[in-house]
Amino acid sequence: MKYEFHSIEKKWQQVWEENKTNAASNDSDKPKFYGLIEFPYPSGDGLHVGHPRPYTAMDIICRKRRMQGYNVLFPIGYDAFGLPTENYAIKNHVHPKDVTRKNIERFTSQLKMLGFSFDWDRVVDTTDPKYYKWTQWIFLQMFKKGLAYKASMPVNWCTSCKCVLANEEVVNGVCERCGSPVVRKEKSQWMLGITQYAQRLLDDLDDLDYIERVKIQQRNWIGRSTGAEVTFKTTAGDDMLIFTTRPDTMFGATYMVMSPEHALVNKWLEEGKLRNGDAVRAYQAEAARKSDFERTEMAKDKTGVVLEGVSAVNPTTGGEIPIFISDYVLSTYGTGAIMAVPGHDQRDWEFARSFDLPIIEVVQGGDVTKEAFVDKDENARMVNSGFLNGLSVKDAIPTMIRWLTEKGIGEEKVNFKLRDWVFSRQRYWGEPIPIIKCPKCGWVPMDEKDLPLLLPDVKSYEPTDTGESPLAHMTDWVKCTCPKCGGPAEHETDTMPQWAGSSWYFLRYMDPHNDEALAGKDALKYWDRVDWYNGGMEHTTLHLLYSRFWHKFLYDIGVVPTKEPYAKRTSHGMILGLNPRNFDNLDPAEQDRLKAECGGEEGARKHLVQQYGEMADHPIVKMSKSLGNVINPNDIVNLYGADTLRLYIMFIGDFEKAAPWQDTAVKGSKRFLDRVWNLEQKVKPGDSYSRENEASIHRTIRKVSEDIESMKFNTAIAAMMSLVNEFYEKGLNRADYMALLKLMSPFTPHIAEELWEHMGGEGLCCRQAWPEWDERRMTESEKTIAVQVGGKLRATVTIPADADEETMIKAALADEKISRMMEGMELVRTITVKNKLVNLILKPKTLDKA
RNA sequence: GCGGGCAUGGUGAAACUGGCAAACACGCUGGUCUUAGGAGCCAGUGCUUCGGCUUGUGGGUUCGAGUCCCACUGCCCGCACCA
């Protein structure tokens, strides 16, 4: 009989669906396990081969947990609000709701085709009003606690999406999504006070089982730094507040810099205190016009304008020092103003050089005429620093902070890079913000009873150049009455960002049909935290951080019983594709043609780079539609079946690392399944492991069990392949075969189920107890050990397992090659490692016996 | 610039706390069966002047180093004027 994967896979998918084999129970005596993968955005392109990698991995873990006797929650849903759907709707004049529904249907059928053991009764969809009712509800709670607030500030404005972006969505000064330039725009926005949670988001990382690089990246993003906040007096009468991490260097502050947007600059301009007001205004205008990208590009050349007419007083020296504005000082970090210490800060040094400002050395150890000495070397000594002279940097910092505190002009201060989260978007396809603007009462939260605030059906979803949401044109929808005073009022027309719905979705899975709460108390208590969450590194400072923040807030208001949402976080590498424009990937005929044309291989490579750009130099690149190297999972399933796809994608390489898809290699996985299928012909009767295979089976069970836990799926599969190779060599019985099927079941569930049935196995294979290994049955009776002479391998000998040192050495010396080497030598030392090796240290025999 | 990671055959990759480098696959070569084979099966496959030599380069520690230490080179990722 042939391995007819199409019918087999369909058959078992149907069985699992009808029997709800993979449904989780909210009431069970078994221990619970909650495994989570990041729910997909249902794009119009359908599932990509990148999707099944993390899904299959977590599916394997969850299937194993079920076999180990756990009550497993392994849910799936759709993060369906978002721009691509909206843009598609605009272009094709269809409702985003309809686009979303179609895309979800497509994704669902593709996911089912791959045999993932999701609990299909718990699917969530962030665009479902029953779902986003609770997204809005959480927002209201944040509003009530003052954590959601409206603020006017310079925001990142994507010129193409016509929409504001969070800092996390701006990459290298361009929009993360569309790559268009991002500019600064002063706008009134809803903000979420994530910075109030900065310290806790940082501290609580310590106790979490996250892979280290995730922790490191979150810590860097939160960016905690300690120093001092100091007040400098100015000749205008106003005080200037600055933040510094190097209060020890204050004697070296020879000038001050404010960001061009700083409020004091505008105040002084208005008061006419600046003699060069025009120049200052011109610089401000120029800075505002620059995009983020230009700002970073200009990084090397420091520009600025001195404020004529006002100066500051360095409190340590009492000397007057000039004040500049420059865009190298950010308005959004610290206080938006700094004391400049050119001797010990490279940026200040460069600025001082271009403006010919004095550079004073206050910490010994460098040469400040050549470059700033920025080393925070604890043992370096202070100079030119009054009462700090002679102290080490380590002692100077607290001494200065004490001095500032006593004088009442400064104090110790902690600052974070993390900034509050810009939470409104001027788009249609998102959750409406449930806040009403009343001319009398200001911003008024909607009554919880009136949630969800539904998205209205509009005719046009086009964003506007004025920066208003498409909802603003819906006068019928916008007009409402104020819940507080009953007077005429208006709905907020901005919507929430895509990150809103995903910030709490894992809680909804616990109790997805609850109409009374985002999830019932019992369900929240029972499922506790997500035990294992696997997702992409690209979400580390976005979704992962955001959802930790929301969860902590929900904990604070008593909604959830846990401080952290995810106990364990792992991450997968991307699936890459071959670059069809790279020389190595061209077919040989084309290579030859190009070589002939361009004068050799080097010329051909250069030609390709000229034609396609730098990218042509890389043989392996991200899959992209424009390159035409995208692999569609449907094609693979049609050709080889879902089990082969699952197996290959797990066998492809280290799970944490990026790996290139190789079409030809897929066949190897199919071949393995064919071999397993054909092995059935060789199965002899027997209800316990055959003697010849027993040790290998136990070893394989251990290897597969342990490798799944550490996500080393590739070596787990290699171990199963080896076992199958052994079965072919040595033969096998029914018990041997069924052990293999149980091990394979999490990886390739359909074929395992089918062959289990052939074997007359009771019940479903995926419902069997996970096989156990016994160390005592794993060892062979004989071992082949290495014999080294002076650390170099010279021979191998076979000895009984667990032989003692003496036996090992004797066996080693008995070897023909070794005994030849012993001639004229004497043994000075031996090193033995049990069951592994003998190392003999020889030296020439001294002829003289005396 | 700062932070993190990686470097092993023609390719994807293995190698537990230092202990037989290249497991398991892909590809390739030869054979076999076949009307045929882009199917299956069998054998071979790091290099080699057959002494040996091999884990990006150069040092070190050790009886012994892919693994540990130091220096360097090259790639990848994240952040990036964060005071």
Side-chain angles (χ1 to χ4, degrees), chain A residues 171-173 212-217 219-221 223-225 227 242-246 249 253 257 259 295-296 298-300 302 326-330 332-341 344-348 350-351 374 415-419 537-538 540-541 573-574 578 584 618-620 647-648 651-654 656-669 671-672 674-675 678 703 706 710 712 714-725 728 784-796 828-842:
Chain A
V171 177
N172 293 331
E212 204 51 33
R213 53 199 175 119
V214 167
K215 287 191 183 184
I216 289 165
Q217 236 173 275
R219 283 194 193 110
N220 288 346
W221 189 261
R224 183 182 196 270
S225 54
I242 63 101
F243 172 72
T244 178
T245 55
R246 295 295 300 273
T249 64
V257 191
S259 70
R295 276 200 177 203
T296 38
M298 299 295 169
K300 307 134 217 162
K302 298 275 178 291
S326 171
D327 63 4
Y328 89 84
V329 172
L330 306 173
T332 43
Y333 183 77
T335 62
I338 60 156
M339 65 172 195
V341 184
H344 305 282
D345 181 288
Q346 192 55 31
R347 295 152 301 176
D348 296 346
E350 283 162 20
F351 190 87
V374 295
N415 247 315
F416 295 96
K417 280 203 259 187
L418 186 72
R419 290 178 226 157
M537 281 306 289
E538 69 275 18
T540 303
T541 55
M574 234 188 303
L578 294 180
D584 298 321
H618 300 270
I620 290 161
L647 193 71
Y648 172 64
F651 187 58
I652 196 167
D654 188 335
E656 282 199 24
K657 285 194 211 143
W661 177 275
Q662 284 179 314
D663 257 325
T664 51
V666 183
K667 275 187 282 181
S669 294
R671 203 171 289 160
F672 170 67
D674 282 331
R675 276 165 69 76
N678 295 330
K703 180 78 180 147
E706 290 177 352
S710 48
K712 289 154 96 182
N714 51 339
T715 48
I717 292 165
M720 291 190 281
M721 287 174 167
S722 293
L723 186 65
V724 167
N725 291 345
Y728 267 99
T784 302
I785 64 163
V787 182
Q788 297 180 340
V789 176
K792 285 206 160 122
L793 180 73
R794 297 297 174 187
T796 55
V828 284
R829 199 178 150 194
T830 58
I831 293 122
T832 57
V833 180
K834 203 174 190 180
N835 291 330
K836 281 252 161 78
L837 69 88
V838 176
N839 189 7
L840 308 170
I841 313 302
L842 309 181

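Throughout, a chain's letter reflects where its sequence line sits, starting with A, and its residues are numbered from 1.
Geometrically, Lys302(A) does not engage Phe351(A) in a cation-pi contact, judged by NZ or CZ lying under 6.0 Å from the ring centre and within 45° of the ring axis.
No option in Leu840(A), Thr796(A), Leu837(A) other than Leu840(A) meets the side-chain contact (heavy atoms from CB on, under 4.5 Å) test with Val787(A). Among Ile717(A), Ile652(A), Asp674(A), Leu647(A), the single residue meeting the side-chain contact (heavy atoms from CB on, under 4.5 Å) criterion with Ser669(A) is Leu647(A).
Of the candidate nucleotides G52(B), C79(B), U11(B), C79(B) has the atom nearest to the side chain of Trp221(A). Looking at the side chain of Ile831(A), the nearest of the listed nucleotides C26(B), G19(B), C20(B) is G19(B). Out of G12(B), G27(B), G19(B), the shortest distance to the side chain of Lys667(A) is found at G27(B). When distances are taken from the side chain of Lys302(A) to each of G27(B), C63(B), C81(B), the shortest belongs to C81(B). Checked against A14(B), G64(B), C81(B), the side chain of Tyr328(A) finds its nearest nucleotide in C81(B). Looking at the side chain of Gln217(A), the nearest of the listed nucleotides A83(B), G78(B), C79(B) is G78(B). Checking A83(B), C20(B), C81(B) against every side-chain atom of Ala786(A), the shortest atom distance belongs to C20(B). In this structure, the nucleotide among U11(B), C24(B), C53(B) sitting nearest to the side chain of Lys792(A) is C53(B). With G78(B), G64(B), C41(B) as the choices, the nucleotide that has an atom nearest any side-chain atom of Arg675(A) turns out to be C41(B). Side-chain atoms of Leu330(A) lie closest to A83(B) of the nucleotides C63(B), G12(B), A83(B).
Here, A14(B) and C24(B) have their C1' atoms 7 Å apart, quoted to the whole Å. U11(B) and U45(B) have their C1' atoms separated by 14 Å, with the value rounded to a whole Å. Taking atom C1' on both nucleotides, G52(B) is separated from G59(B) by 24 Å, rounded to a whole Å. For the C1' atoms, the distance linking C53(B) with U48(B) amounts to 7 Å, nearest Å. Using atom C1' as the reference point in both C42(B) and G74(B), the two lie 43 Å apart (nearest Å). G31(B) and G37(B): their P atoms are spaced 13 Å apart (whole Å). Nucleotides U67(B) and C16(B) are separated by 12 Å at their C1' atoms, to the nearest Å. Using atom C1' as the reference point in both G27(B) and C63(B), the two lie 40 Å apart (nearest Å).
Residue Ser326(A) places none of its side-chain N or O atoms closer than 4.0 Å to OP1 or OP2 of C81(B). Distances shorter than 4.0 Å separate some side-chain N or O of Arg671(A) from OP1 or OP2 on C26(B). Considering only side-chain N and O atoms, Arg213(A) lies nowhere under 4.0 angstrom from the phosphate OP1 or OP2 of G4(B). Side-chain nitrogen and oxygen atoms of Asn714(A) include at least one within less than 4.0 Å of the OP1 or OP2 phosphate oxygen of A14(B).
In this structure, the separation between NE2 on His618(A) and CG on Leu578(A) is 14.5 Å, given to the nearest 0.5 Å. Rounding to the nearest 0.5 angstrom, the gap separating the CD atom in Glu538(A) from the CD atom in Gln217(A) is 10.0 Å. Atoms OG and CZ, on Ser225(A) and Phe243(A) in that order, are 4.0 Å from each other to the nearest 0.5 Å. With values rounded to the nearest 0.5 angstrom, Ile338(A) atom CD1 is found 6.5 Å from Asp345(A) atom CG. Distance CG/Asn415(A) to OG1/Thr335(A): 8.0 Å, rounded to 0.5 Å.
What separates CG of Asn839(A) from C1' of C20(B) is a distance of 12 Å, to the nearest Å. Between Trp661(A) atom CH2 and C26(B) atom C1' there is a gap of 13 Å when expressed in whole angstrom units. Rounded to an integer number of Å, the gap from NZ of Lys215(A) to C1' of G5(B) is 18 Å. Taking atom OH of residue Tyr648(A) and atom C1' of nucleotide C24(B), one finds them 14 Å apart after rounding to whole Å. One can place CE of Met720(A) at 13 Å from C1' of A25(B), the figure rounded to the nearest angstrom. The interatomic distance linking Asp663(A) (CG) with A25(B) (C1') rounds to 16 Å, in whole Å. In this entry the distance linking CD of Glu212(A) with C1' of G78(B) reads 15 Å, nearest Å. What separates CZ of Arg219(A) from C1' of C79(B) is a distance of 16 Å, to the nearest Å.
In this structure, Asn415(A) reaches neither bases nor backbone, as no heavy-atom distance under 4.0 Å exists between it and the strands shown. As judged by a 4.0 angstrom heavy-atom cut-off over every strand, Phe651(A) is placed among the base-contacting residues. Residue-level contact check: Gly668(A) touches the backbone only, with heavy atoms under 4.0 Å from sugar-phosphate atoms and none from bases. At the heavy-atom level, Asp654(A) lies under 4.0 Å from the strands shown only through sugar-phosphate atoms. As judged by a 4.0 angstrom heavy-atom cut-off over every strand, His618(A) is placed among residues touching the sugar-phosphate backbone only.
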Show the distances under 3.5 angstrom between N or O atoms of the protein and N or O atoms of nucleotides 15-17 of chain B.
residue: C16(B); atom: N4; partner: Lys836(A); partner atom: NZ; Å: 3.0

request  = Just do the side chain to side chain donor-acceptor pair (under 3.5 Å) check on Arg829(A) and Asn839(A) with the steps written out, would you?
outcome  = CA-CA 8 Å; Arg829(A) 199 178 150 194; Asn839(A) 189 7; over 6 Å; no
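For the strand RNA chain B, secondary-structure stems (runs of at least three Watson-Crick or G-U pairs, all distances below 3.5 Å) span B:1-7 with B:73-79, B:10-12 with B:24-26, B:27-32 with B:40-45, B:56-60 with B:68-72.
Mapping Ser722(A) and Leu837(A) onto RNA chain B by nearest heavy atom places Leu837(A) at the nucleotide closer to the 5' end. Residues Arg419(A) and Phe672(A) each lie close to RNA chain B; by heavy-atom proximity, the contact nearer the 5' end of the strand is made by Phe672(A).
Formation of a donor-acceptor pair under 3.5 Å by the Tyr648(A) side chain with backbone atoms of Gln662(A) is found in this model. A distance-only check finds no donor-acceptor pair linking the side chain of Tyr328(A) to the backbone of Val257(A) [under 3.5 Å].
Annotated as anti: G40(B), whose O4'-C1'-N torsion sits more than 90° from 0. Taking 90° from 0 as the syn/anti boundary, the base of G9(B) is oriented syn.
When the shell of 6.0 Å around CE of Met574(A) is examined, it contains 12 or fewer heavy atoms from other residues, nucleotides or ligands.
Below the 3.5 angstrom threshold, one finds a donor paired with an acceptor across the side chain of Gln788(A) and the base of G19(B).
Inter-residue side-chain proximity for Thr244(A) and Met339(A) is flagged as met; some heavy-atom pair is nearer than 4.5 Å.
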